[in-house]
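What follows is a single structure, written as structure tokens, with notes after it.
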2 protein chains.
Amino acid sequence: MSGAATREQIVDAADRLFYHRGYEHTSFADIAAAVGLSRGNFYYHFKSKDAILDAVIEARLAGTRHMLEQWESQQPTPDGRILQFVEIVLTNGTDIQQYGCPVGTLNTELAKLGHTLHGQARGLFTLFRDWLREQFTLLGHGEQADDLAMHVLAFSQGVAVLSHTFRDEEFVRREVDRMRDWLSTYRK
Amino acid sequence: MSGAATREQIVDAADRLFYHRGYEHTSFADIAAAVGLSRGNFYYHFKSKDAILDAVIEARLAGTRHMLEQWESQQPTPDGRILQFVEIVLTNGTDIQQYGCPVGTLNTELAKLGHTLHGQARGLFTLFRDWLREQFTLLGHGEQADDLAMHVLAFSQGVAVLSHTFRDEEFVRREVDRMRDWLSTYRK
DNA sequence: GTCTATATATTGATAGAC
DNA sequence: GTCTATCAATATATAGAC
């Protein structure tokens, strides 16, 4: 197998396992088993667990950038784009119920561990934050755009934590409806 | 040292360490060192790590019940009590910035681990949920009281996750202000 | 590039002396 | 009730054959 393909498989498996089980609870053996590699060969591709985490975060950053670009091309209006973000708690509802928000849970875990890569992980939030701020600016709310962006982010995290804890889909729907109403007051 | 006192010390130390560093990242050795006990003697008091976690959750449940009773005696009105809860993200602002919400982060970690005691930990949320629902019922919003209670809980979790990630106190203040405005529309 | 074998540290947990 | 000594399992990580 070519090096690039194996590396990609490792990052994919690690990404999924870190999300489903948490970073610390995932061992090299788990990732190696998921890819079908021996533990020994693993270090040919990544020299440390931090290196894998770094690659996973990079992959998530790239994936997020791609998703935001798609949203921009699919949704012509800024409020449509913000709504697309808000509805992610429904779109990814099953995953969030089972594993929480991939961005929030990773940041919480790395912050608590005092991990050196927490700054990198925070970048995932910053990506959404800046993008949301841009949409609110386009809606004519430049002065409070960052505040509004953070409010939308807080919504997503609050819903994700409680959805993960209580596994109640109706609660998620009600919160999205509430957010839709709130958002309509900021529409052009 | 008497058995009860040592046990209490262990639970206190474990409670703090589980909060600050996470459950899985905290080892027996860490707790034993914090209390000043040898690892060996540890098992005289608790036979497993799960048993300590169980005791910690029980202690938190008792502490939370006590706090809610205090709030009830200090705040005569239901909206004053709800506001007391909302402002906890400011009252405990420093801790939340450093370690997140003790209830939310524990629930997220245990849910992801698929830990048998996640149900117990969920009880911490349920305690707040039921108490908030009662306050909203007293305000005359019986039919949607649980929905409103969950909304307030979601607020607290969203703010806690982002405060933990970005360590921005001004953001917390703005969110509390927003919540105060929202709450005023449900006041008698 | 992949494997087996191994080193080293730490984990949760036990046995038995005092 | 507290200690030291120890166990078995698992963790990250390395060495070297193929």
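Numbered from 1 within each chain, the chains take letters A, B, ... in sequence-line order.
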Please tabulate the protein-to-nucleotide N/O contacts below 3.5 Å involving nucleotides 3-6 of chain C, giving atom names and distances.
unit_1, atom_1, unit_2, atom_2, d
C:dC3, OP2, A:S38, N, 3.0
C:dC3, OP2, A:S38, OG, 3.3

Does B:Y19 use its side chain to pair, donor to acceptor, with the backbone of B:L106 at less than 3.5 Å?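 No; judged by distance alone, with no hydrogens or angles, the pair does not exist.
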Set of side chain to side chain contact (heavy atoms under 4.5 Å, CB included) partners for A:T77, sequence neighbours left out: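 A:T77 satisfies side chain to side chain contact (heavy atoms under 4.5 Å, CB included) with A:D79 only.
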Partner residues of B:E134 under the side chain to side chain contact (heavy atoms under 4.5 Å, CB included) criterion, sequence neighbours left out: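 B:E134: no side chain to side chain contact (heavy atoms under 4.5 Å, CB included) contacts found.
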Atom NE2 of A:H45 and atom P of D:dT14: how far apart are they, to the nearest Å?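 From A:H45 NE2 to D:dT14 P: 15 Å.
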Here's a test for you: under salt bridge (charged side-chain N to carboxylate O under 4.0 Å, His left out), which of B:D15, B:D12, B:D54 qualifies with B:R60?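 Exactly one option meets the salt bridge (charged side-chain N to carboxylate O under 4.0 Å, His left out) with B:R60, and it is B:D15.
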Any residue in residues 49-57 of chain B with a heavy atom nearer than 4.0 angstrom to DNA chain C? Just list them by number, or reply none.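 B:K49 - these, ordered by number, are the residues of the stretch whose heavy atoms sit under 4.0 Å from the strand.
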Please list every donor-acceptor pair under 3.5 Å in which a side-chain atom of residues 140-147 of chain B meets a protein atom from a residue at least two apart or in another chain.
unit_1, atom_1, unit_2, atom_2, d
B:H141, NE2, B:Y186, O, 3.1
B:D146, OD1, B:R129, NE, 2.9
B:D146, OD2, B:R129, NH2, 2.9
B:D147, OD1, A:R174, NE, 3.1
B:D147, OD1, A:R178, NH2, 2.6
B:D147, OD2, A:R178, NH2, 3.0

Name all residues meeting the side-chain hydrogen bond (donor to acceptor under 3.5 Å, both in side chains) criterion together with A:S38; count only those two or more places apart in sequence or in a different chain, and write none if there are none.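 Not a single residue meets the side-chain hydrogen bond (donor to acceptor under 3.5 Å, both in side chains) criterion with A:S38.
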Watson-Crick or G-U pairs under 3.5 Å in DNA chain C, rendered as dot-bracket with [ ] for crossing pairs and | for another strand: |||||||.||||||||||
Taking only residues two or more places apart in sequence or in another chain, which ones pass salt bridge (Lys or Arg N to Asp or Glu O under 4.0 Å) with A:R180?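 Per chain and number, A:R180 pairs via salt bridge (Lys or Arg N to Asp or Glu O under 4.0 Å) with A:E87, A:D177.
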For A:E170, what residues pass the salt bridge (Lys or Arg N to Asp or Glu O under 4.0 Å) criterion, not counting sequence neighbours?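 Expected list: A:R173.
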Under 4.0 angstrom between B:Y44 side-chain N/O and D:dT2 OP1 or OP2: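 Answer no for this pair, as no side-chain N or O of B:Y44 is under 4.0 Å from OP1 or OP2.
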In terms of ring plane angle, is the pair A:W182 and A:F136 parallel, tilted or perpendicular, where the classes change at 30° and 60°?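 Perpendicular: the ring planes of A:W182 and A:F136 meet at over 60°.
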Parallel, tilted or perpendicular: rings of A:F28 and A:F42 (30°, 60°):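 Tilted.
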Which pairs pass side chain to side chain donor-acceptor pair (under 3.5 Å) with one or both residues in residues 66-75 of chain B, sequence neighbours excluded?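 Matches after skipping sequence neighbours: B:E72-B:W131, B:Q75-B:Q84.
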If you take any heavy atom closer than 4.0 Å to DNA chain D, which residues from residues 14-31 of chain B end up in contact?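 Those residues: none at all.
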Listed once per pair and sorted, the salt bridge (charged side-chain N to carboxylate O under 4.0 Å, His left out) pairs that draw on residues 93-122 of chain A, sequence neighbours left out: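 The answer is none; no pair qualifies.
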First locate atom CE of B:M150, then atom CG of A:L162, and finally report the distance between them rounded to the nearest 0.5 Å.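 It is 5.0 Å, given to the nearest 0.5 Å.
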